[in-house]
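Shown next, in C-alpha cells, is the structure this report addresses.
Bear in mind that the values here come from a model prediction, so they are computed numbers and not experimental data. All residue numbers in this chain count up from 1 along the given sequence.
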Amino acid sequence: GDIAKTFDTTIKGVAVAITMTLAFRVIGAILFGRLADKFGRKPILIVNIAFFTLFEVASALATSLPVFLVIRALFGIAMGGAWGVASALVLETIPSKGRGIISGVLQSGYPSGYLFASIIFGLLHPVLDWRELFVISLVPAVIVLIMLFKVSESPAWQSNKNIIQKS
C-alpha cells in the first residue's frame, strides 16, 4: 500500500512487481547457471549476490512505478541465479554423506528468508518506510558475501573445469 501511495497507483499496479520478479527468475536461473558452469560456482555466486543486493537497494531509490518494475525485474533475474548456483557449490563441496540434510536446509532457505522478512516488516514497518525496509536487505547479503570469501571453489567444478570451459 505504501509503495502504491508513493507512485500514485493501485496495489494491483504494484503487485505486478511481484509477478515480474518471479517471472524473471527463470532467466536468472538459466543465465547464472550457465555462467557458473563456465567460470566456476564461487565467483558467479559472488557476482550474483552482489547484483541482487544492488537491485534490492536500488528498489528503494525508484522514482516511479515503471522504474520500480524494471528494477524488480532485474532483481528477479539476479535472484533467480542464487539458489541453483549456491546449491551446486554446496552440494559439490560437502561429503556425500551429508548431502540429504544439507539439501533440505538449502531448500528451506527461501521460505525461512520470507518468514524473516515478514517478521522484520511487522516489527519495523511502524517506524520505517518502504524504502528504508528495502535498504535493510543489504545486511544479510553483505553477511553472505563475507562468508563466501571464506568458501573454496567446488572441487567437482575444479576437476572438470577444462572440459566444462571448452563447451
Would you please indicate if the ring centroids of F39 and W157 are separated by under 6.0 Å?
->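 No; W157 has its ring centre 6.0 Å or more from that of F39.
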What residues, two or more places apart in sequence or in another chain, satisfy side-chain contact (heavy atoms from CB on, under 4.5 Å) together with [X]?
{"X": "S137", "result": "E56"}
{"X": "V139", "result": "I143"}
{"X": "A4", "result": "T9, I11, V14"}

At their closest point, which heavy atom of [X] faces which heavy atom of [Y], and how far apart are they?
{"X": "F149", "Y": "I46", "value": "CE2-CD1, 4.0 Å"}
{"X": "T6", "Y": "R131", "value": "CG2-NH2, 3.4 Å"}
{"X": "T93", "Y": "P155", "value": "OG1-CD, 3.7 Å"}
{"X": "I3", "Y": "F134", "value": "CD1-CE1, 4.1 Å"}
{"X": "S59", "Y": "I71", "value": "OG-CG2, 3.4 Å"}
{"X": "A141", "Y": "T53", "value": "CB-OG1, 2.8 Å"}

Residues 111-128 side chain polar contacts: donor-acceptor under 3.5 Å, at least two apart:
unit_1	atom_1	unit_2	atom_2	d
S112	OG	S108	O	2.7
S118	OG	Y114	O	3.0
H125	NE2	D2	OD2	2.4

Decide yes or no on salt bridge (Lys or Arg N to Asp or Glu O under 4.0 Å) for E92 and R41, but give the supporting numbers first.
-> CA-CA 10 Å; E92 291 172 355; R41 313 302 189 214; 2.8 Å; yes
Residue pairs, two or more places apart or on separate chains, that pass side-chain hydrogen bond (donor to acceptor under 3.5 Å, both in side chains) and touch residues 79-88 |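 Matches after skipping sequence neighbours: none remain.
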Count the heavy atoms of every other residue, nucleotide or ligand shown that sit under 6.0 Å from CZ of F52, and state whether that count exceeds 12.
->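 Yes, enclosed.
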Donor-acceptor pairs under 3.5 Å, side chain of residues 17-31 to any protein atom, not counting sequence neighbours: which ones?
unit_1	atom_1	unit_2	atom_2	d
T21	OG1	A17	O	2.8
T21	OG1	R72	O	3.2

